[in-house]
Amino acid sequence: MAIDKIQSESINLADNFAFTGTVTGAGGSNTPAFSARLSSGLTLANATATDVVFQTEFFDVGSCYNNSTGVFTVPSGEGGKYCISVNCMFNDGQGNVSDMFVFIGSTIGGSFNSDEVARAEATSNGNLFTRFNLAYTTIISLSAGDSIKITARADTNNSSSIALLHGARGSVFSAFKIIE
């Protein structure tokens with residue numbers, strides 16, 4: 001489209017345009033980004049917070065997730081707002097689960113602390129569930145070098161241990177940078 005046409009007429013943004021040069025400043029990418037799942041079962045001792053390592057990556061753009069430690073670290077020069085999401089599926093064939101917690105811990109401001117927490121009670125009309133899914137998503141500002149990890153805890157009515165389910169997309173941890 002000729003410059004004189006743009007200057008003499010209004011632009012209908014619903015029209016299609018064919019650009020022959022380089023367009024800059026438009027769009028962006030939601031990277032770094034990763035998504036990983038639990039690839040083997042994890043047993044949670046009753047009333048004990050346990051770090052969750054999601055071993056199998058669906059993708060990891062920017063090499064920001066360590067699937068050996070379960071820690072997401074913001075790469076150098078990539079500070080900004082991030083969408084952090086976790087889904088944990090708890091399973092207990094005996095119906096002993098009473099409460100589940102998922103903590104999104106971070107190094108923001110120094111040592112690891114639980115900045116965000118998702119909690120759900122699994123009781124319903126006095127009946128205890130045998131399987132329960134707990135999902136949580138938040139948006140937080142992170143700086144280069146900040147880290148995020150997931151910790152899970154399940155409380156039971158008889159001190160038994162609980163399994164965190166794996167495979168497919170049963171328990172998943174994901175994050176991506178938001179375009180501002």
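Small disclaimer: the values here were computed from a predicted structure and weren't measured.
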Inset, instruction - Kindly indicate, with the supporting measurements, whether the criterion side-chain contact (heavy atoms from CB on, under 4.5 Å) is fulfilled by Ile140 and Asp146. - result: CA-CA 11 Å; Ile140 56 177; Asp146 284 343; over 6 Å; no
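When all heavy atoms of Phe54 and Cys88 are compared, the closest pair comes out as CZ-SG, 4.4 Å. Contact record, Val172 with Ser35: CG1-OG, 3.6 Å, taken as the closest heavy-atom pair. Heavy atoms only, all atoms of each residue included: Ala175 and Ile84 are closest at CB-CD1, 3.6 Å. The minimum heavy-atom distance linking Glu180 with Gly80 is given by the pair OE2-CA, 4.0 Å. Of all heavy-atom pairs spanning Pro75 and Gly62, the tightest one is CG-O, 4.1 Å. When all heavy atoms are compared, the tightest approach of Asn87 to Ala135 is OD1-CB, 3.4 Å.
Partners of Gln55 according to the side chain to side chain donor-acceptor pair (under 3.5 Å) rule, which considers only residues two or more places apart in sequence or in another chain, are Ser39, Ser40.
Judged purely by atom type and a 3.5 angstrom limit, Lys149 has no side-chain atom pairing as donor or acceptor with the backbone of Val52. Without hydrogens or angle criteria, Asn30 side chain to Lys177 main chain gives a donor-acceptor distance under 3.5 Å. Not one N or O on the side chain of Ser147 forms a donor-acceptor pair closer than 3.5 Å with the backbone of Thr73.
Between Tyr82 and Phe72, the ring centre distance stays below 6.0 Å.
Looking at Thr137 and Cys83, their side chains come closer than 4.5 Å, going by heavy atoms from C-beta outward. The closest side-chain heavy-atom distance from Asp60 to Asn67 is not below 4.5 Å.
Ring planes of Phe173 and Phe34: perpendicular class, angle over 60° (limits at 30 and 60°).
The hydrophobic cluster containing Tyr136 does not contain Val53, counting ILVMFWY residues as joined when their side-chain heavy atoms lie under 4.5 angstrom apart, directly or transitively.
Ser174 contributes atom OG, which lies 11.0 Å from atom CD of Glu57 (distance to the nearest 0.5 angstrom). A distance of 13.5 Å separates OG1 in Thr50 from CD1 in Ile150, rounded to the nearest 0.5 Å.
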